[in-house]
J.: 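So that we are looking at the same thing, I have put the structure below in structure tokens.
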Protein chains: 2
Amino acid sequence: MTYERGGAAETVDGVLVALADPTRRQLLDLLAAQGMATATTLAERLPVSRQAIVKHLAVLDAAGLVTGSRVGREVRYTVRPAALDAAARWMAALAADWDRRLATIKRVAEAAEPEQG
Amino acid sequence: MTYERGGAAETVDGVLVALADPTRRQLLDLLAAQGMATATTLAERLPVSRQAIVKHLAVLDAAGLVTGSRVGREVRYTVRPAALDAAARWMAALAADWDRRLATIKRVAEAAEPEQG
DNA sequence: CCGATGTGCAACTATCAGATTGCACTAAAT
DNA sequence: ATTTAGTGCAATCTGATAGTTGCACATCGG
């Protein structure tokens, strides 16, 4: 299994980078709680400028975690679960793979050292 | 639901930061494939210096994703699935929560605009 | 029309992470 | 004992990124 090449790898990469920042996670929490919000409203709830929020939203958008739609003069952002779900599945698969490998290694080691038991 | 406070949040944060870097993901792939490896041997397989590898391994170690044990003059690193699994579950729960909220919002919106039916 | 509100764009700063190099120290091997 | 291989520590460089401010542009309400 190789996780860097092919298919959903780029998607996962973007999600991981996006989620690595605490401010962006807070942003996602606020968005999920309110269902919808604009950069200006979100900036009122966080200790950073509106422009900082805009940049974070751009990163989240590029990662597929949020989407924004224009309504008149404001842009309303919403959360998108799909990319997050894909990343969660990727991680779960990776953890399962590690478990499998470690189990195999353990079996081999026990077979090679029968003096233990 | 708040994801920043309490319990496994710090664990998840460390894992996300650790996995956000592509070199570290490669490192984890190599470690998972070989079962065990030292910083020196890993540096031979990646286009970065041993010291860079050492720093990455320190980050991964702090995140609970790998662990190293000294054997004579060398330090052998192994992968640890637990923290990764915890992060995967956190993400899956978050995605499910978003789905739930979006479904609720959709229901409310449909109830408020019956002229569509 | 005109003021108020919300966005978008650009320049700039500063901090931090990834990476390098050099050297000292420890442990194995001959 | 001397050489060789593996680690650890420290200083340094560089690029990316989080954050800021200022201003121009669009839009809604009176």
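Keep in mind that what you see is a predicted model, and the values were worked out from it rather than measured.
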J.: Hey, is A:R101 close enough to A:D97 for a salt bridge, meaning N to O under 4.0 Å?
T.: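 A salt bridge is present here (some side-chain N lies under 4.0 Å from a carboxylate O).
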J.: Taking atom C1' of D:dA16 as reference, at what distance in whole Å does atom CZ of A:R24 sit?
T.: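 Atom-to-atom, A:R24 to D:dA16, this comes out as 12 Å.
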J.: Could you state the interatomic distance from OG1 (B:T104) to NZ (B:K106), rounded to the nearest 0.5 Å?
T.: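 That separation rounds to 12.0 Å.
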J.: By nearest atom, which of the nucleotides C:dT20, C:dA19, D:dA18 is closest to the B:H56 side chain?
T.: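 Within the option list, the nearest is C:dA19.
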J.: Would you give a per-nucleotide map of nucleotides 1-11 of chain C, 5' to 3', where B means the base has a protein non-hydrogen atom under 4.0 Å away, S means only the sugar-phosphate does, and - means neither?
T.: ---BBSBBB-B
J.: Please say which of A:D85, A:V79, A:L31 ends up in a side chain to side chain contact (heavy atoms under 4.5 Å, CB included) with B:W98.
T.: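 Only one of A:D85, A:V79, A:L31 forms a side chain to side chain contact (heavy atoms under 4.5 Å, CB included) with B:W98, namely A:V79.
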J.: About how many Å separate CZ of A:R73 and OG1 of A:T38, when rounded to the nearest 0.5 Å?
T.: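 Going from OG1 on A:T38 over to CZ on A:R73, the span is 11.0 Å.
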J.: Write down the distance between CG (B:L19) and P (C:dG18), rounded to a whole number of angstrom.
T.: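 The distance from CG of B:L19 to P of C:dG18 comes to 12 Å, rounded to the nearest Å.
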J.: Okay, side chain of A:R24, backbone of A:A18: is any donor-acceptor separation there less than 3.5 Å?
T.: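 Judged by distance alone, yes, a pair lies under 3.5 Å.
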J.: Measure the distance from CG on B:D21 to P on C:dC16 and round it to the nearest whole Å.
T.: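 My rounded result for the distance is 18 Å.
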J.: Using OP1 and OP2 only, check whether a side-chain N or O of A:T23 sits under 4.0 Å from D:dG19.
T.: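 Checking A:T23 against D:dG19: at least one side-chain N or O falls below 4.0 Å of OP1 or OP2.
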J.: Which atoms form the tightest heavy-atom contact between A:V15 and A:A87, and what is the distance?
T.: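 Looks like CG1-CB, 3.7 Å.
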J.: Quickly work out the A:L57 CG to D:dG19 C1' distance and round it to whole Å.
T.: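 Between C1' of D:dG19 and CG of A:L57: 15 Å.
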J.: Which sits closer to the 5' end of DNA chain D, A:S49 or A:V17, going by the nucleotide each is nearest to?
T.: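 That would be A:V17.
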